[in-house]
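Reckoned from all heavy atoms, side chains included, excluding hydrogens, waters and symmetry mates. The chains referred to below are lettered A, B, ... by the order of the sequence lines, with proteins before strands, and numbering in each begins at 1.
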There are 2 protein chains.
Amino acid sequence: MQLTNTGEYALRAMLYLGSHPMGTIVPISEVSKNAIVPENFLRKIVGLLAKARVIRSVRGASGGVGLAKPPESLTMYDIIEAVEGKIYLNQCLMGSHICALSSTCAVHSIWCEAQEALKKVLTSRTLADLCALTTYTT
Amino acid sequence: MQLTNTGEYALRAMLYLGSHPMGTIVPISEVSKNAIVPENFLRKIVGLLAKARVIRSVRGASGGVGLAKPPESLTMYDIIEAVEGKIYLNQCLMGSHICALSSTCAVHSIWCEAQEALKKVLTSRTLADLCALTTYTT
DNA sequence: CCATACATGACAAAAATTGTCATGTATGGC
DNA sequence: GCCATACATGACAATTTTTGTCATGTATGG
């Protein structure tokens, strides 16, 4: 029941990207150094973030990655979901085909409530909120 | 970011134990059959639940396991914590020695808030609540 | 055309999860 | 006391997930 390194890395990378003016493109190698994420692993994470349209990538010389949307419209949940998939505290929340008791089971309804409480917090804060309180000293 | 099998098994086992009058002792083999948990694995889980004083175990002939407290005073969180350890959505929440930025990092504070929201739901429901809506047809 | 930089999939090491099993200990009933 | 029943515990192992590395390919600016 814990965030993976992948998620943590993604957050750190996004925090670094968010510290630049919208539209800025920085190479992955630079993100890797500043967010302290293994470069080769970051390339995979970047792939996930790009697929989820959280960042955009530019190939070729002077290419790199940057935010795909303004930081005000990217929630913390968006970032986590992009790299770790949707949050399901319990398998039974993934769909009624997993657990036929969904409609009557008391445990199911509590997991559901807990999950909603968690997601509510994570969707209530944007990358802009996070960046406002985080400064990079380079 | 998901409950493990261990946690799910523990909940199911507790649900079965909770369906009996307080004080009842049933053998692990019986719990295994009714909660549908591999017996040998259940023995390990039972060890954790006993160590956390969530259940009590009785050795010897006509021994077995039973609730250590009335189901009204056992929360869903108690059960999860007993087998999976305390919930930490992010490593940085485990203590200030893990992440020195705890006091100023905006991400930290949001994880903290999300974790509290999650724990609040899980501690608000007792085993009695769960059992009230779950019936065993034997 | 070539240096730079992203894209992607194969591969692999490490860790966590999910079990099994053997050995030992305790207890009730005969 | 003896023995069948049942929990206690730690060693061992299979599987899955996580966490990476690396090679190959593609795109682009100069």
When you get a sec, tell me which of [options] is the closest nucleotide to the side chain of [X]?
X     : options                : result
A:N40 : C:dT18, D:dC22, D:dC7  : D:dC22
A:P38 : D:dT18, D:dG20, C:dG19 : D:dG20
A:R43 : D:dT19, C:dC6, D:dT9   : C:dC6

Give the rounded distance in Å between these two atoms: [atom1] of [X] and [atom2] of [N].
X     : N      : atom1 : atom2 : value
A:I45 : C:dT8  : CD1   : P     : 15 Å
B:E8  : C:dT17 : CD    : C1'   : 15 Å
A:K33 : C:dA5  : NZ    : P     : 10 Å
A:Q91 : D:dT16 : CD    : P     : 13 Å
B:L42 : D:dT9  : CG    : C1'   : 15 Å

Q.
Just to verify, what does A:E113 make a side-chain hydrogen bond (donor to acceptor under 3.5 Å, both in side chains) with, not counting sequence neighbours?
A. B:R125
Q: Return the set of residues passing side-chain hydrogen bond (donor to acceptor under 3.5 Å, both in side chains) with B:T6 (not counting sequence neighbours), or none when no residue passes.
A: none
Q: Nearest 0.5 Å please: distance from the OH atom of B:Y9 over to the CG atom of B:L49.
A: 14.5 Å
Q: Nearest 0.5 Å please: distance from the CD1 atom of A:I45 over to the CG atom of A:L11.
A: 10.5 Å
Q: Among residues two or more places apart or on two chains, list those pairs meeting salt bridge (charged side-chain N to carboxylate O under 4.0 Å, His left out) that have a residue in residues 97-106 of chain A.
A: none
(Q) With a 4.0 Å cutoff (strictly under), does any side-chain N or O of B:T6 reach OP1 or OP2 of C:dT18? (A) yes
Q: Check whether any side-chain nitrogen or oxygen of A:Y9 sits under 4.0 Å from OP1 or OP2 of D:dT19, and answer yes or no.
A: no
Q | Check: A:V26 and A:V31 side chains under 4.5 Å, non-hydrogen atoms | A | yes
Q: State, yes or no, whether a side-chain contact exists between A:E81 and A:I87 at a heavy-atom distance under 4.5 Å.
A: no
Q: Let me have DNA chain D in dot-bracket notation, would you? Count Watson-Crick plus G-U wobble pairs, both distances under 3.5 Å, and use [ ] for pairs crossing earlier ones and | for inter-strand partners.
A: ||||||||||||||||||||||||||||||
Protein-nucleotides 9-11 of chain C N/O pairs closer than 3.5 Å?
unit_1 : atom_1 : unit_2 : atom_2 : d
C:dA10 : N6     : A:K44  : NZ     : 3.2

Q | Residue-level proximity of residues 55-64 of chain A to DNA chain D when a heavy atom falls under 4.0 Å | A | A:R59, A:G60, A:A61, A:S62
